[in-house]
Each structure stands twice: as C-alpha cells, then as structure tokens.
Amino acid sequence: MIIYQVYPRSFQDSNNDGIGDLAGIEMKLDYIKSLNVDAIWISPFFKSPMVDFGYDVSDYRDVDPIFGNMDDFKSLLAAAKTHEIGVIVDMVISHTSEEHPWFKDSRLGRNGKSNWYLWASPQPDGSPPNNWVSVFGGPAWRWDAERRQYYFHSFFSSQPDLNMHNPEVQNQVLSDMRFWLDMGVSGFRFDACNHVFQDLQLRSNPPREDVSNALHPYGFQVHVYDQAQPEMLPFLEKIRVLLDEYGAFSLAEVGGHDAIKLMGQYTEPGRLHSAYSFSLMQPDSSAQRVRDVITELEANIPYPNAPCYALSNHDKPRVATRWANGRDRADTAKEMLALLFAMRGDVCMYQGEELGLPQADVPFDRIQDPFGKSFWPKFKGRDGCRTPMPWTGGSHGGFSVSEPWLPVTDEHRALNVSDQEADPDSVLNFYRQVIAVRRASPALEKGHIELLEAPHAVLAFRRSCDEQQLVCLFNMDVIEHVVQCAPYSGMLLGRRVTLDQHSVTLGVNGFCILQEK
C-alpha cells in the first residue's frame, strides 16, 4: 500500500478563504492520480474548535465548516473512487475536544457519561494525582471546578483523554468508525495509538536518566504508565473485526519510548494491518541509524507482515531539510525518495515530499501552532512543514487568491508543481520514475529485505523474491564512498554513481538499485 498524506488546511483552497478544504482536494485528484498511489490519508476534517488544527474533535460525524460540509466529503469520496484512489480517514480515538458533548456531559455527570473521561481526585494537599506531564508541556492534569476533580490530557488541556477502559466508550468509538465505513471510506489511520489507554492505578512515571535532549518536562520521564498499556491489544482486535466486515485498511501512528516493539504488537495477526513510527523522522540520518531501524522492524514485524515507512509528516521537519547535512536539497530529496520506495512494506508519503520541499521558515508573527509559540525559538513548532502546497509560481503559489493561513515562501513557490511537471530533471518527475520502478519490481513490491555489509556510511540491503534479486546502496555521508559488490546484470535506478565489474562508487547523495545476476 502506498499512501499519500493530505493535510487539508494546506492542500488547495477552493473558496478563497485562505484555508484548504475538501472541495480543494477533489480539484486536485487528477494530480494525485498521476502520483500512482493507492490511497490518500486525509488529516482530520471533523468539526473542531481547531486548537490543535482538527486533532481536537468536537463531533466525529460532521465536517467542520472551514473544510466544507458532508456533501463535499461524499463528492470527494465518489470522485476518488472514480479515480481508483482509496480514502483513509484520520481517527483520533485517544482524546476529544473539551467542546465535545460527551465531555460536557461527563463533567456534569449527565447522560451516563460520568466515567467517559479519565477523571481523578486530588491528593490530600490538592495536588494532581501523580506526576504525569503533557506532550505539549506542563502538567497533564487540569482541575475542573464544576466536578472538583482533575481530568487527564495527554496533549493540550483543551483535549481531555477518553477513558477507553469503559466498554461504552469503546462501543461508541466503534460505532463512529462504522458510520464512515458505511459511507464507503477505505479505512483509517489511527492517531497517537500509544496514548489510547492509561494505567488505572495512576502510578507515577519513573524519571529518565538522560534528559540532555529534553525540550520540556515530558522528556524527563519514562512513560511507563501514561501510555502503551496492554488493554490496547484486545481493543485493536475489536477494531479489526469491524474493519474485516468492510474489507477496510488500517494504519497506526505509534510513538513512545519503545515504538517499534509496539508497532509489532499492534500489527500481529487479528489486529491492525500496518503501523509507522517517528523512528526515521529524527535528526540522525546516518546509515547506522537506518540499519538499526530496519533491524528492529524486521525483528518485531517479520515477513510477510509489513511495517509502514515514513520519512516526513505534518508533525516533523521535512526530510529534505532534516537530512540534508549541508548537501544539495534536490539531490537529498531524490535520494530519500529512492530510499523510501526501496523499503519493505507500506509507504506513507507526505504532501510536497514528491516536490522535495524543504522545511519552510515561518516568522514568529505568522506562527499558528500553540506548541511553537510556547517554546520559540528553541522549538519553532510544526508550521514549517504545514505551509500550503505550491501549485504555481504565482501569488500564494496558486493555493488561494486570498492570504493563506500560513505563508507560501518564495523558496516553495520556486518549487511549484507546474514548473516541476515541465522539468524532466525535477524531483517530481524523479519521484514518478522511482514509483514506476517499485511498481514494476516484484522484489521491491513484495520481497524480503536483508541488510548487507558495506562501509559504515553506506546503507546496503538486498530485496529479493523468487522472481528477482536486487541490491540497494545508499550513500548517507557527505563524502564519496566505494562499495565492493557481487556481479550484477544491470541498474534499475541510480544517481551520482559510477559502476565497474566489482565495485560501485557512490558520490555525495549517490545511490543505486542493481539487478543481481
């Protein structure tokens, strides 16, 4: 499965209010079809106060007016089906908005929903029940004067966590999923899967030994009790039973301190189909880091089960900047696209990754992300990867005729879709070449992966199946490297590479996929 992530606020504005919408996505389905992907994952478009830009849901069965209405979604769904593109909906099941009717009822003890969220009484001195802290900074407990208890929030205080231990809550979440499945969606991407359950004994987390890289207190703890609880596993099995009724697909986002192990547990038979983590969205771009991730994934998600690989998304700096290390931006983007599509398993690619977009530099007075406002300038938030898609070199990159919610930088306008379509050497046209190679290669589509010996800065692995044997080499360094290789019959794909009978010379950003004899 090859999935293209669409961040709807920033994809295409159809009504010129400066914010992307569902009708805008439909306008660009021909472009998405040209990318040769299987499905689009659309980040949340549910009704929301937008404190966390849609990840704070106030109604799971309605479209927020900034994105359009339900008719717009049905029209998009029908058009995507005509284009043979699946639509994957982003389900946020760990928490809601404080404006959700469920939470309003829960804080007042109405309509049987008193226990639908994670409430706890204060300690005798009035302090919170334990030491849990929020992902976005500060205590994870907020006092509610009406109820005279604290409620737990993994993220912003306006995003109270559901009590998923409650069978009624589980059944409601499953019912809301069925609502979208009945409409015809292809499946779900499940947000923040490791945050769905917490320890009901409310035990405090132990301290982390090395806190040198911690941005704020969340990084000072080992998150043993506020996430990744074993109760998640039987709930995933309930989800899978529902999905199998419709032949629907599922993708988990998994974070936390032991994310790859959780990915393995969450994708065991009878649970979710695939999962990705942030393991390759970190600053470390070394060959050893990628080898370690592949090794761990293969140990936890053995063949024929498949992980999902992702190098960028709406929460992390774009890979063309994050892994450039002073190298050329376009060459880095091309190498990383080749790496992504050479991996074993599903692939998730973020909008603009096919253009080689770098991380945008958004000035402080245009920052929208509260996370960035809180920790500027040490952390500039997530807006730099969320700026609008540049479709043309014109005003606002052809995204809108109005001032967009985030600026389109000059650097991004220069990398617009229209110009790249016309340039045979563009990152976009290279992307099309890469995906065509993957689609035509049984070893890349369905084969095993085996890590190979190579110089420390070169990532080397074999992709193999009965029909085909391929060797994939990637220079992750900032200098040239020579790799000794076995006999090969040809090169399927490569850049900045020199071949002879017994060795391969990989220049900076050099890579190749060789057909073995």
Side-chain angles (χ1 to χ4, degrees), residues 44 46-62 64 90-123 126-177 190-205 217-218 221 223 225-229 231-232 235 253 255-256 369-371 374:
F46 308 117
K47 191 174 181 182
S48 165
M50 298 293 163
V51 174
D52 195 21
F53 303 103
Y55 285 91
D56 47 329
V57 178
S58 59
D59 189 340
Y60 286 99
R61 300 194 184 197
D62 201 2
D64 194 273
D90 203 333
M91 286 296 292
V92 186
I93 60 176
S94 68
H95 57 269
T96 71
S97 165
E98 63 182 347
E99 295 186 14
H100 199 296
W102 301 344
F103 186 69
K104 293 178 180 179
D105 283 344
S106 187
R107 75 194 320 172
L108 296 175
R110 299 184 307 205
N111 298 323
K113 292 185 172 59
S114 178
N115 195 34
W116 275 43
Y117 291 80
L118 192 57
W119 295 95
S121 296
Q123 296 191 56
S127 59
N130 60 29
N131 71 346
W132 297 351
V133 290
S134 164
V135 173
F136 291 154
W141 295 97
R142 182 174 178 180
W143 176 254
D144 184 77
E146 184 72 37
R147 182 153 166 157
R148 294 185 61 78
Q149 281 188 306
Y150 287 97
Y151 67 82
F152 174 70
H153 57 93
S154 293
F155 300 97
F156 291 123
S157 62
S158 59
Q159 295 170 288
D161 275 51
L162 288 161
N163 176 16
M164 292 298 294
H165 295 274
N166 186 333
E168 292 180 355
V169 178
Q170 293 189 22
N171 290 337
Q172 181 62 57
V173 168
L174 292 169
S175 177
D176 288 339
M177 291 169 57
F190 293 102
D191 178 65
C193 277
N194 51 305
H195 289 279
V196 175
F197 286 85
Q198 290 76 36
D199 174 45
L200 283 182
Q201 297 181 51
L202 303 183
R203 288 171 283 187
S204 287
N205 286 323
Y218 189 80
Q221 296 180 4
H223 294 275
Y225 297 115
D226 58 346
Q227 59 175 268
Q229 299 305 294
E231 291 88 345
M232 184 63 170
F235 181 56
E253 176 198 59
D369 185 8
F371 198 11
S374 296

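For clarity, every value in this text was computed on a predicted model and none was experimentally measured. When a residue number appears, it is its place in the shown sequence, counting from 1.
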Would you say that [X] contacts [Y] through its side chain, given a criterion of any heavy-atom pair below 4.5 Å between the two side chains?
| X | Y | answer |
| --- | --- | --- |
| V169 | W102 | no |
| S157 | S134 | no |
| Q159 | S154 | no |
| D105 | W116 | no |

Centroid-centroid distance, H223 to Y218, less than 6.0 Å: yes
Aromatic contact, H100 with Y60 (centres under 6.0 Å): yes
Step by step, work out the side chain to side chain contact (heavy atoms under 4.5 Å, CB included) result for V135 and H195. CA-CA 10 Å; V135 173; H195 289 279; 3.8 Å; yes
For D176, give me all partners under side-chain hydrogen bond (donor to acceptor under 3.5 Å, both in side chains), at least two apart in sequence or on another chain. R61, Q172
For a quick test of reading the model, state the closest non-hydrogen atom pair linking [X] to [Y] and the distance between them.
| X | Y | result |
| --- | --- | --- |
| L118 | W141 | O-CZ3, 3.9 Å |
| S121 | P129 | O-CB, 3.9 Å |
| I93 | M164 | O-SD, 3.7 Å |
| S58 | P101 | O-CD, 3.4 Å |

Any idea how F235 and F197 line up, ring-wise: parallel (<30°), tilted (30 to 60°), or perpendicular (>60°)? perpendicular
Any donor-acceptor N/O pair, [X] side chain to [Y] backbone, under 3.5 Å:
| X | Y | result |
| --- | --- | --- |
| N131 | N205 | yes |
| D56 | V51 | yes |
| Q123 | P128 | yes |
| S374 | P370 | yes |
| S158 | E98 | no |
| D144 | R147 | yes |
| H165 | Q198 | yes |
| S106 | S114 | yes |
| N194 | G255 | yes |

Rounded to the nearest 0.5 Å, how far does [atom2] of [Y] lie from [atom1] of [X]?
| X | Y | atom1 | atom2 | result |
| --- | --- | --- | --- | --- |
| S97 | K104 | OG | NZ | 8.0 Å |
| L162 | Y117 | CG | OH | 5.0 Å |
| N166 | N115 | CG | CG | 5.0 Å |
| R142 | F156 | CZ | CZ | 12.5 Å |
| N130 | R203 | CG | CZ | 11.0 Å |
| T96 | D161 | OG1 | CG | 9.0 Å |

Evaluate side chain to side chain contact (heavy atoms under 4.5 Å, CB included) for D191 paired with H95, printing each intermediate quantity in order. CA-CA 10 Å; D191 178 65; H95 57 269; 4.0 Å; yes
Set of ring pair (Phe, Tyr, Trp, His ring centres under 6.0 Å) partners for Y151, sequence neighbours left out: F103, W119
Take atom NZ of K47 as the centre, draw a 6.0 Å sphere, and report whether it contains more than 12 heavy atoms from other residues, nucleotides or ligands. no
Begin with the C-alpha distance, continue with both residues' side-chain angles, and end with the deciding distance and a verdict on ring pair (Phe, Tyr, Trp, His ring centres under 6.0 Å) for W132 and Y150. CA-CA 12 Å; W132 297 351; Y150 287 97; over 10 Å; no
Assess the residue pair S94 and V196 against the criterion (side chain to side chain contact (heavy atoms under 4.5 Å, CB included)); give the C-alpha distance rounded to whole Å, side-chain angles, the decisive distance to 0.1 Å, and a yes or no. CA-CA 4 Å; S94 68; V196 175; 4.1 Å; yes
